[in-house]
S.K.: 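Handing you this structure, nothing more for now.
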Amino acid sequence: MREAMARAEVGDDCWGDDPTVIALQDRMAELLGKEAAVFVPSGTMANQLAVGLHVRPGEAIAAHPGAHVQVHEDASAARLSGAQIMPIGTRGGYDVAALETLIHQEECGWPRVGLVWVENTIGDAAGAVWPVHDHAEAQAVSGLESIARATRAHGRALHLDGARLWNAVTASGTSLERYASLADTVSCAFSKGLGAPAGSILAGSSETIARARAHRHALGGSMRQAGILAAACSYALEHHRERLAQDHERARLLAERLAEHDGWSVQTPQTNMVIAHLHGASAPALCERFAEHGILCSPNRYDELRFVLHLGIDDEAVDAVTRAAVQILA
Ligand SMILES: *Cc1c(COP(=O)(O)O)cnc(C)c1O
């Protein structure tokens, strides 16, 4: 990846003439089945461009509670676009009924829902896949297809925060294009599981992405020889997607091993994240204990630890986490 970055042919992406950025944007537009795409430094910026494109100040965004845009973007939707996030459903998603209830509330003086928001995979739900089709078991969560249909029927816009859409594709077998076809705009990150140092993409119609480019400039996100970064992202796209299945396998292995020890309760992971709870212990304190063993994990909720598997984590590292978890329990 470093060599690809060093070799990258560059221009000036402020002027839109960096060939390596253009190649990445074109490739992503093709993979997502959209007319155009724009390269941005971070997933947060991709999401905030989407907010600015679809929402007028004073309007609401319908999202599940714990969505990245609600809790991990420092209230940017409110700060930058005057938008209010209205959580509906549960941390695992919402159904059409919850969405339509919120839209009907507009007739009772509630803010207009300018944008319907979905995230895939769902970070706060241990990287769960939001499926395309309705599932009988997942009663409070509708499939994305039903949500998209209801969104269109009400004349609203749909954004898919696909920072980890690659993981959803790997776990479900549903294509990037199929997921993207349900949304007006979709964002994907190269800097999470794919392992590039920076970079995300926002894709949509040509008209939408032209506006997004202007908005990107306003936010300070136009970078000049950005091809150096885009080369890393293209490398990641080419070489690091197949191996995501290994992260999912290692996550399952880690969850199984933790669950062998009474005290740890663990959800079975669908993708690359393991959420673990140790009765009576706070997650921030546990993170410090793991750090003493050289293991970096993060508190997801105050009582939930989150381990994220990625291309820097091999079998040996999984063994090390298991050993540390047993010692901490003791
Ligand atoms: C990480 C993440 C983002 C933001 O990406 P950054 O590049 O860290 O700004 C947005 N949405 C989701 C679901 C994420 O996991």
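In this text the structure is predicted, and so the values were computed from the model without any measurement. In listed order, ligands and their atoms are each counted from 1.
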S.K.: If we ignore hydrogens and angles and just use 3.5 Å, is the side chain of Glu304 paired with the main-chain N or O of Ile275 as donor and acceptor?
M.R.: no
S.K.: So, applying side chain to side chain contact (heavy atoms under 4.5 Å, CB included) with Met223, which one of Asp13, Leu229, Asp12 is it?
M.R.: Leu229
S.K.: Below 3.5 Å only, please: the N or O atoms of ligand 1 paired with protein N or O atoms, distance on each line.
M.R.:
unit_1	atom_1	unit_2	atom_2	d
ligand 1	5 (O)	Gly43	N	3.4
ligand 1	7 (O)	Gly43	N	2.8
ligand 1	9 (O)	Gly43	N	3.3
ligand 1	9 (O)	Thr44	N	2.8
ligand 1	9 (O)	Thr44	OG1	2.7
ligand 1	11 (N)	Asp161	OD1	3.1
ligand 1	11 (N)	Asp161	OD2	2.6
ligand 1	15 (O)	Arg164	NH1	2.8
ligand 1	15 (O)	Lys192	NZ	2.7

S.K.: Can you name the nearest heavy-atom pair linking Ile85 to Ala63, along with the distance?
M.R.: CG2-CB, 4.2 Å
S.K.: Taking the six-membered ring for Trp and the single ring otherwise, decide whether the centroids of Phe190 and His240 are under 6.0 Å apart.
M.R.: no
S.K.: Who passes ring-ring contact (aromatic ring centres under 6.0 Å, His included) against Tyr179, sequence neighbours left out?
M.R.: none
S.K.: Has Asn272 got a side-chain atom pairing as donor or acceptor with His248's backbone, closer than 3.5 angstrom?
M.R.: no
